[in-house]
Amino acid sequence: MQSWWFKDPQFGVFAIDRITGHFQATVKWNGTEVCLAFAAVNSAPSESALAVARALWSNQAIWTKKVEDYAVSELLPLKNESWLEDGDPEVTTKKFVKRLTLEDVTIQPDGIFEFVFDDGDLFWGHAVFVTGTLNGGLEKAEIVG
């Protein structure tokens, strides 16, 4: 029988989104509510994805800094070279980071995770995705949508 929800001792209640096939829960990341999601494996929670989530959440300050720094290094030059209106001043690192708002963390059974940010209109309403793995580090930052 298909399980549509489960309760995790650390993260609380996850419910399956029938459209995406992901289990989702609202959790706190550095005091802010975000969606934690991962794909169901054989209609059950992915233990490997939960292990990655636990590792990320146990080092939130470190991962926040890594993800923000990576987004800045990969996307701030693009913002300042191609995404400014005529007469707009260049965006500083501090302003860039301040405008990003973490909304979701999605983890795949193979350990790939994705931090999804609202772009604060840096890229005219597109989302910012930062992708990586615990062992390999951050591998991609992109504008989506």
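Computed from a predicted structure; not experimentally measured. Position 1 is the first residue of the sequence; numbering continues from there.
With values rounded to the nearest 0.5 angstrom, E74 atom CD is found 11.5 Å from E139 atom CD. Atom CD1 in I107 sits 12.0 Å away from atom OG1 in T133 (nearest 0.5 Å). D69 CG to L138 CG: the interatomic distance, rounded to the nearest 0.5 Å, is 9.5 Å. Put simply, CZ on F38 and CG on L50 are 4.0 Å apart, with the number rounded to the nearest 0.5 Å. Here the CG-CZ distance, from L56 to F115, works out to 5.0 Å after rounding to the nearest 0.5 Å. Between atom CD of residue E68 and atom CZ of residue F96 there is a gap of 10.0 Å, rounded to the nearest 0.5 Å.
A pairwise comparison of heavy atoms in A127 and V116 identifies CB-CG1, 4.4 Å as the closest pair. Nearest approach of A49 to Q108, heavy atoms of both residues: CB-O, 4.1 Å. Here the closest heavy-atom approach between residue P109 and residue S48 is recorded as O-OG, 2.6 Å. Residues V130 and F117 come closest through the heavy atom pair CG2-CE1, 4.2 Å. Residues A141 and A71 share a closest heavy-atom pair of CB-CA, 4.4 Å. Annotation for F14 and D8: closest pair CE1-CB, 4.0 Å, computed over non-hydrogen atoms.
In this structure, D121 contributes its side chain and G125 its backbone to a donor-acceptor pair below 3.5 Å. Side-chain atoms of D104 never come within 3.5 Å of backbone atoms of T106 as a donor-acceptor pair (strictly under, hydrogens ignored). Distance alone, capped at 3.5 Å, is enough to place a donor-acceptor pair between the Q60 side chain and the N30 backbone. No donor-acceptor distance shorter than 3.5 angstrom exists from the side chain of N59 to the backbone of I62, with no hydrogens or angles considered.
Under the side chain to side chain contact (heavy atoms under 4.5 Å, CB included) criterion, W83 pairs with L78, K79, F123, W124, H126, I143, sequence neighbours left out. With sequence neighbours excluded, no residue forms a side chain to side chain contact (heavy atoms under 4.5 Å, CB included) with A15.
Connection of V27 to L134 is established within a shared hydrophobic cluster, with ILVMFWY side chains joined at heavy-atom distances below 4.5 Å, either directly or through further cluster members. Note on F6 and V52: same hydrophobic cluster, where clusters join Ile, Leu, Val, Met, Phe, Trp and Tyr whose side-chain heavy atoms are under 4.5 Å apart, directly or indirectly.
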List, one per line, each side-chain donor-acceptor pair under 3.5 Å for residues 84-95, sequence neighbours excluded.
unit_1, atom_1, unit_2, atom_2, d
D88, OD2, E85, N, 3.1
T92, OG1, K95, N, 3.1

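In this structure, the side chains of R54 and F11 come closer than 4.5 Å at one or more pairs of heavy atoms.
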- Message: Assess the residue pair R18 and W4 against the criterion (side chain to side chain contact (heavy atoms under 4.5 Å, CB included)); give the C-alpha distance rounded to whole Å, side-chain angles, the decisive distance to 0.1 Å, and a yes or no.
- Response: CA-CA 9 Å; R18 294 181 187 188; W4 300 110; 3.7 Å; yes
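Each of W57, W29, F113 was scored for a ring pair (Phe, Tyr, Trp, His ring centres under 6.0 Å) with W63, with one residue passing: F113.
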